[in-house]
Structure formats: structure tokens, C-alpha cells
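All values below were derived from every heavy atom in this structure, side-chain atoms included, with hydrogens, water molecules and symmetry-related copies excluded. Letters go in sequence order (proteins before strands), and every chain restarts at 1.
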2 protein chains.
Amino acid sequence: MNTPIETSPPPPPRSEHDHQKCVSEAIGTAEHLCVVRGVQLTPIRHQVLELIWESHKAVKAYELLDRLKPLQSAAKPATIYRALDFLIEQGLIHRVESLNAFVGCSSSGHQHEQLLLICKHCNEVEERPATEVMQALSQELDQAGFIVHSKAIEIHGICIKCVALCNEQD
Amino acid sequence: MNTPIETSPPPPPRSEHDHQKCVSEAIGTAEHLCVVRGVQLTPIRHQVLELIWESHKAVKAYELLDRLKPLQSAAKPATIYRALDFLIEQGLIHRVESLNAFVGCSSSGHQHEQLLLICKHCNEVEERPATEVMQALSQELDQAGFIVHSKAIEIHGICIKCVALCNEQD
DNA sequence: AAATCGGATGTTATATTATAACTCCCGTTA
DNA sequence: TAACGGGAGTTATAATATAACATCCGATTT
Ligand SMILES: [Zn+2]
Ligand SMILES: [Zn+2]
Ligand SMILES: [Zn+2]
Ligand SMILES: [Zn+2]
């Protein structure tokens, strides 16, 4: 209880940006990729993707379930997990391993394995290509003789927006 | 069911090395660090650390619990999770986020945040300092203005020992 | 010695996350 | 029509993790 910010209720939203643009880009790309690939972005899958894209925050499976139920009254855990599995397979969302949570992928269709910067304060997840890191990593893994299947690079801390807000705590 | 190896029962142990040395180093370092830090490596914590160090594989909490019970008949989930929390706080083990599992830390007392190379075939976890990757990462995070609290860098694939064994599957 | 305190553990219950297994439906195709 | 396959419905349960409160025990203080 050092500072008032510590107990302030709503973590700040990613303020200064046109989030509708994020959403329409992500959904548009998803629809396009699914057509191209001949896989079905069914109503449930589409709705789950939209729910995930309501923010840049990592979101839990059961929270998604609660938010899906008004739209799909029959929704059960399997409903959500199947949709999530599909979206992950198609590279449309990321699973945030260290949170058991999920976040929209900002680069679907391009390279999918990126740095995830996870803010403890606002809970938003920023994706970064970080090509130099990835290059050094590839070299390291080659040297180790390790055959890569997948990478999870997750950094926890305070994002630049929140650093500005909370300078003496957390 | 392509090859006989696919269904072969025991994944190969890290064959060519003196594992007793790994264990005694890790336990010795842990004991030393706890004395220096004035924290208690109690019998339960010591036993859990030893159980984790029985191999280089990532091990699940409830598997540890089963293996602890013969030694500590009162052991319950909280017993294990408390010991794991302590060992993680002290930097003596890693939590493998993408597996919900735990593995001994090979560099306790030195830098603790390293690459984890996780083999899908033998389930062993190799830790690598990867200084060039870490350096590039620090730069990237500085550029992003992100204040780091912790890092989880987990690479899944096939380790060099297993690559030699299974060349046409998985 | 008695009181107090804090860290560790015991104990019970429950929350959270995830999957298995089986059924049904529906559109395509042989 | 029959067979098939993908998606979804449904029920049950597995696996992972924490909360909350009680007890113990050794060290410190009174
Ligand atoms: Zn946005
Ligand atoms: Zn933030
Ligand atoms: Zn060893
Ligand atoms: Zn291996």
C-alpha cells in the first residue's frame, strides 16, 4: 500500500491506437488464410477468435468460455479447447505457456514464432519479430545440434506504457 | 506405426556421462547456497531436490509427489508445491512453463535465466547460457523500453543424442 | 520458566486447467 | 442409399494448483 496506483482498479488499455484496425486486420487475414488453406473458420471458431481479439491481453480458456456462452449456449470446455486448438494450428493465436492463456497473433501468415513481451501490470502481450535474437538463437541451436519443432520465448515484466504510469512500485 | 523406434518403451537416458557428479554438484551447491543465504534446505526440500535430480528429465509435480510419499507419508500436493516454490525462489530448479514441469538448474548461483532445450523424444532438458542470444535479447528489450522481471525461453525439438537414434520419424 | 513469534509443515477442501470417450449431425462422395 | 469425415454436443474425469486454517517447533524475549 505504498502508492495509490498499486490498488487502482483498471489496468490501462492500450490507449493510443485504433484497435478496430487490429481486429479487422486479424479477422480478415484469418478468413483469408482459412479459405486458402481449405479449412473451416466455423461460426464458433470465428467467435472465439473475435473474443480473443477484444483486447491485446492474454485471456484464459474458461474466461473465453464464459464470454462465448451467451453466443453459444451449448458451449462447454471442449468447445473452447477445440476452437483454441484449431486457431493455434492455423497460427492465428498464440498460447502463452507461462500464463496458460491465449492471445491473438499479430503476424498470422508471416513468421509466427516471435518474442512475447508480457506486461504484469496491464496484462497485454506484445509480439516482436526480434530478428537478431532469432538469428542468434538459430545459430545457437545449430551449434547444439538441436532440431527445433517449436519455440516459446516469453518475457515477463512491465511494458513501456505502464513504466510511465508506475515508476516506484511492483 | 512407421518404425519400430516409434513404439520402443524407454527413452534413452543421457548415456555417456557421470550423473552422480551432476547430482553431487547440484546438491552440494544447493546446500552451500542455502547456508550462505540463511534459508533452510529442510529434509523435505532436500528430498524433493534429490528426486528432481534423479534425471535430467522434466518432471511433473504429482509425479514428484508419488515419489516423495514413500519418504514422507504425510505428503500432499501442498507439500510438493511449497518445496517447489522454495527451490524456484532459490534458483535451484527451473519451472518448465510449456510442460508444467520442473527440472534441476545446472547453474545455480550463476546466471539463472538460460535457454532450455527440451527434447520431445527423451524428455531431457538441456540448459544453455547462450550469451549471444541473451545479449541480443537484452538489446531488443531495451529498445522496446520493457522492464524485465523474468524470462522463459523454451525450445522444443529433438536433442542431438536422439537425432542420432531416430532419423526418419517424429 | 512462560510468553511470544515466525517459519515450516499438516490437513482439508476446492479452484483451475485440460482431455477422454462417445454420440449426433450434416454434407460429400462412392 | 451407404459409407465416410469433420465438426460439434455431451458427460465424465484427469491433471494441475491454491486457499485457508491448524499445528508444531525452535529461537527470542520477558
Ligand atoms: Zn489493438
Ligand atoms: Zn503494461
Ligand atoms: Zn547428469
Ligand atoms: Zn532427446
Side-chain angles (χ1 to χ4, degrees), chain A residues 30-31 33-35 37-49 51-52 57-90 92-103 118 123 152 154, chain B residues 30-31 33-49 51-52 57-90 92-103 123 152 154:
Chain A
E31 289 169 347
L33 285 176
C34 287
V35 169
R37 294 171 182 170
V39 296
Q40 302 177 50
L41 191 59
T42 62
I44 288 177
R45 293 166 177 175
H46 198 281
Q47 286 165 349
V48 171
L49 185 60
L51 289 173
I52 289 176
K57 298 181 198 305
V59 55
K60 301 285 202 159
Y62 277 72
E63 187 190 330
L64 284 173
L65 179 53
D66 289 340
R67 284 156 54 190
L68 181 63
K69 274 178 179 163
L71 310 173
Q72 294 286 342
S73 55
K76 300 271 186 316
T79 315
I80 281 292
Y81 282 106
R82 283 167 179 162
L84 292 170
D85 285 348
F86 171 86
L87 295 170
I88 290 168
E89 273 170 20
Q90 297 301 321
L92 303 175
I93 65 174
H94 293 285
R95 180 181 160 84
V96 184
E97 300 290 352
S98 49
L99 295 178
N100 295 331
F102 305 86
V103 71
I118 302 157
N123 206 32
E154 304 183 357
Chain B
E31 288 169 346
L33 286 176
C34 287
V35 169
V36 167
R37 295 172 181 169
V39 296
Q40 303 176 51
L41 191 59
T42 61
I44 288 177
R45 293 165 175 176
H46 198 282
Q47 285 164 351
V48 171
L49 185 60
L51 290 173
I52 288 175
K57 299 182 199 304
V59 56
K60 301 284 202 159
Y62 278 72
E63 186 190 330
L64 284 172
L65 178 54
D66 288 341
R67 284 158 51 192
L68 181 63
K69 274 177 178 162
L71 310 173
Q72 294 285 343
S73 54
K76 300 271 185 315
T79 315
I80 280 291
Y81 282 105
R82 283 167 180 160
L84 292 171
D85 286 348
F86 172 86
L87 296 170
I88 289 167
E89 271 169 23
Q90 297 302 320
L92 303 175
I93 64 173
H94 294 284
R95 179 182 161 85
V96 184
E97 301 289 353
S98 49
L99 294 177
N100 295 331
F102 306 86
V103 71
N123 206 33
E154 305 183 357

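- Applying the salt bridge (Lys or Arg N to Asp or Glu O under 4.0 Å) criterion to Glu154(B), with sequence neighbours excluded, gives no partner residue.
- Thr79(A) is linked by a side chain to side chain donor-acceptor pair (under 3.5 Å) to nothing, counting only residues two or more places apart in sequence or in another chain.
- For the contact set between residues 34-44 of chain B and DNA chain C, defined by any heavy atom under 4.0 Å, the members are Gln40(B), Thr42(B), Ile44(B).
- Chain A approaches DNA chain D over the interval dG6(D) to dT11(D), counting the first and last nucleotide 5' to 3' with an atom under 4.0 Å from its heavy atoms.
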Result block: side-chain N/O donor-acceptor pairs under 3.5 angstrom for residues 65-75 of chain A, not counting sequence neighbours:
| unit_1 | atom_1 | unit_2 | atom_2 | d |
| --- | --- | --- | --- | --- |
| Arg67(A) | NH1 | Glu63(A) | OE2 | 3.0 |
| Arg67(A) | NH2 | Leu51(A) | O | 2.8 |
| Arg67(A) | NH2 | Glu54(A) | OE1 | 3.0 |
| Gln72(A) | NE2 | Gln47(A) | OE1 | 3.0 |

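- Qualifying side chain to side chain donor-acceptor pair (under 3.5 Å) partners for Glu31(B), counting only residues two or more places apart in sequence or in other chains: His46(B).
- By the side-chain contact (heavy atoms from CB on, under 4.5 Å) test, Val39(B) pairs with Cys34(B), Arg37(B), Phe86(B), Gln90(B), sequence neighbours left out.
- Here salt bridge (Lys or Arg N to Asp or Glu O under 4.0 Å) pairs that include residues 71-89 of chain B, with residues two or more places apart or in two chains, number zero.
- A pairwise comparison of heavy atoms in Lys60(B) and Asn100(B) identifies CD-O, 3.4 Å as the closest pair.
- The side-chain contact (heavy atoms from CB on, under 4.5 Å) search around Ala58(B) returns Val96(B), Leu99(B), Ala101(B), Val125(B), not counting sequence neighbours.
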Using a 4.0 Å heavy-atom cut-off, write out nucleotides 11-30 of chain C from 5' to 3' as B (base contacted by protein), S (sugar-phosphate only) or - (no contact). BB----BBB-B---------
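- Checking Leu87(B), Ile93(B), Thr42(B), Leu92(B) one by one against Val48(B), the side-chain contact (heavy atoms from CB on, under 4.5 Å) holds for a single residue, Leu87(B).
- When all heavy atoms are compared, the tightest approach of Ile80(B) to Ala61(B) is CG2-O, 3.7 Å.
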